[in-house]
Amino acid sequence: MRVETKLFLYLFVFFVPVTLIYGFWSKWSEPIGVTALVLTALLFALSGFYLWMTGKKLPLRPEDNASGEIEDAEGNYGYFVASSWTPLWLAGSGAIMFAGLAVGWWLFIIGAFFGVVAVCLWVFESFHGEYSI
Amino acid sequence: MVAVGTIVWLSSELMFFAGLFAVYFQLRSVRGDLWATQTEKLNLPFASVNCLVLVISSVWCQLGVWKAERGQKARTGKLLDLKGWGMREWYVLTYLFGAFFIAGQVMEYAELVHENVTLSSDAYGSVFYMATGFHGLHVTGGLIAFLLIIARTFTTRRYTHANATGAVVTSYYWHFVDVVWIALFATIYILR
């Protein structure tokens with residue numbers, strides 16, 4: 001994941017001097033831009049650091065190999081539920097809750113009730129019973 | 001996959017809080033007079049203790065993560081035998097510390113409302129409750145996530161890799177919320 005790490009860390013290195021230039025140019029009198037630039041730099045640092053940490057844990061991937069073949073990348077990519085309606089229930093509950101913010105708290109509470117049920121259904125969908133992962 | 005998705009989402013969360021920080025600094029630069037009077041009402045010793053509790057909860061969370069990564073979901077010894085604690089016990093402790101923090105926040109809000117700092121009192125009140133309130137909602141969301149992750153250890157027979165991943169990404173979120181609070185605390189209570 002060296003390429004991905006570099007992609008983010010180069011931008012971090014770029015935004016640190018940009019922040020300083022911006023700060024000195026505006027005589028540190030304009031706080032919004034400075035805050036935004038500092039946090040932009042930190043955002044790239046966070047993503048870059050994470051990719052670097054992950055890259056250290058993983059062996060070299062097929063896409064890191066310049067002479068790699070497509071079929072090198074086959075295999076298990078993670079666990080995905082074959083079919084699930086629970087995200088739809090949760091989205092519906094969320095829609096009712098947000099409508100409740102505009103309409104009235106009574107509707108929000110009804111939506112929150114459905115939301116609790118939907119979250120539990122989703123969280124435990126693959127984590128209960130005979131075929132839990 | 002789950003871990004990468006969580007990090008991407010946390011990056012967007014960072015930008016959400018960046019917006020709140022920008023609002024804070026903008027209003028502070030425009031209405032310095034409000035800041036001079038309203039920040040006097042903040043209770044720094046109380047908030048410092050509360051902040052410390054949240055930071056310590058992150059330590060307990062990480063101890064739980066190390067147990068989860070080794071696949072130990074529950075304690076092996078007696079309740080007071082800390083070395084034998086599993087992910088479940090450490091996460092319950094994290095939950096209690098997080099709940100303490102939220103309770104402290106509620107008390108602080110009550111105190112400030114008595115001193116006429118409310119969401120609609122002035123620009124300072126608005127940005128104070130928006131920033132700390134959104135953070136408080138995130139902590140509350142984290143507490144719910146801890147409950148669900150702890151519950152998962154009871155509904156599955158084996159503590160699988162997928163279970164551990166759920167625990168680990170919850171800890172990512174918790175550490176993130178913790179770091180955001182350190183920044184908010186430094187901005188609101190120390191820098192003023």
Side-chain angles (χ1 to χ4, degrees), chain A residues 1 4-5 8 11-12 15 19 23 26-55 57-58 61 76-81 90 97 112 115-133, chain B residues 1-30 32 69 73 131 141 144-170 172 175-176 179-180 183 187 191:
Chain A
M1 300 189 124
E4 289 95 327
T5 307
F8 282 95
L11 281 165
F12 166 66
F15 274 105
T19 308
S26 62
K27 301 193 179 64
W28 302 101
S29 63
E30 199 282 301
I32 302 165
V34 175
T35 315
L37 284 169
V38 166
L39 287 165
T40 307
L42 288 178
L43 180 71
F44 285 121
L46 176 76
S47 308
F49 177 74
Y50 174 75
L51 288 170
W52 177 69
M53 284 287 290
T54 312
K57 272 190 224 164
L58 297 176
R61 299 167 309 158
N76 199 354
Y77 275 83
Y79 174 78
F80 301 96
V81 184
L90 188 59
M97 282 164 78
V116 168
V117 176
V119 164
C120 287
L121 280 176
W122 199 359
V123 167
F124 295 105
E125 190 170 41
S126 311
F127 289 90
H128 77 281
E130 198 77 25
Y131 302 105
S132 61
I133 57 169
Chain B
M1 278 295 175
V2 177
V4 173
T6 306
I7 291 291
V8 171
W9 170 61
L10 286 181
S11 303
S12 80
E13 285 272 274
L14 191 70
M15 289 326 268
F16 170 78
F17 280 102
L20 290 174
F21 276 103
V23 170
Y24 183 89
F25 284 116
Q26 164 67 3
L27 288 174
R28 185 170 174 270
S29 72
V30 179
E69 281 174 345
K73 72 169 172 182
I144 294 169
F146 275 126
L147 286 185
L148 293 168
I149 289 296
I150 292 165
R152 262 185 183 178
T153 64
F154 290 101
T155 58
T156 47
R157 232 175 282 158
R158 291 177 305 118
Y159 194 72
T160 56
H161 182 68
N163 258 324
T165 305
V168 170
V169 297
T170 309
Y172 287 170
H175 293 323
F176 165 79
V179 167
V180 166
T187 308
L191 200 66

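Worth saying up front: this structure is predicted, and the values here are computed from it rather than measured.
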Under 4.5 Å heavy-atom distance to chain A, tell me which part of [X] shows up: side chain, backbone, both or neither.
X       : value
V8(B)   : neither
F154(B) : neither
A3(B)   : both

Interface residue of largest heavy-atom contact number with chain A, from R152(B), R28(B), Q26(B), R158(B), under 4.5 Å =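 The answer is R152(B).
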Option in L148(B), I149(B), I7(B), V2(B) with maximal non-hydrogen atom pairs under 4.5 Å from chain A =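 Sorted descending by pairs with chain A, the first entry is I7(B).
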Is [X] close to chain B through its backbone or its side chain, or both, or neither, when contacts mean heavy atoms under 4.5 Å?
X      : value
Y50(A) : side chain
V38(A) : neither
L43(A) : both

Is a donor on one side and an acceptor on the other found under 3.5 Å between the side chain of T155(B) and the backbone of H128(A)?
->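 Side chain of T155(B) to backbone of H128(A), a donor-acceptor pair under 3.5 Å: no, none is there.
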Which pair of heavy atoms, one from A22(B) and one from T35(A), lies closest together, and at what distance?
->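 It is N-CG2, 4.2 Å.
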If you measure from OG1 on T156(B) to CZ on F124(A), what distance do you get to the nearest 0.5 Å?
->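 Reported value, rounded in 0.5 Å steps: 9.5 Å.
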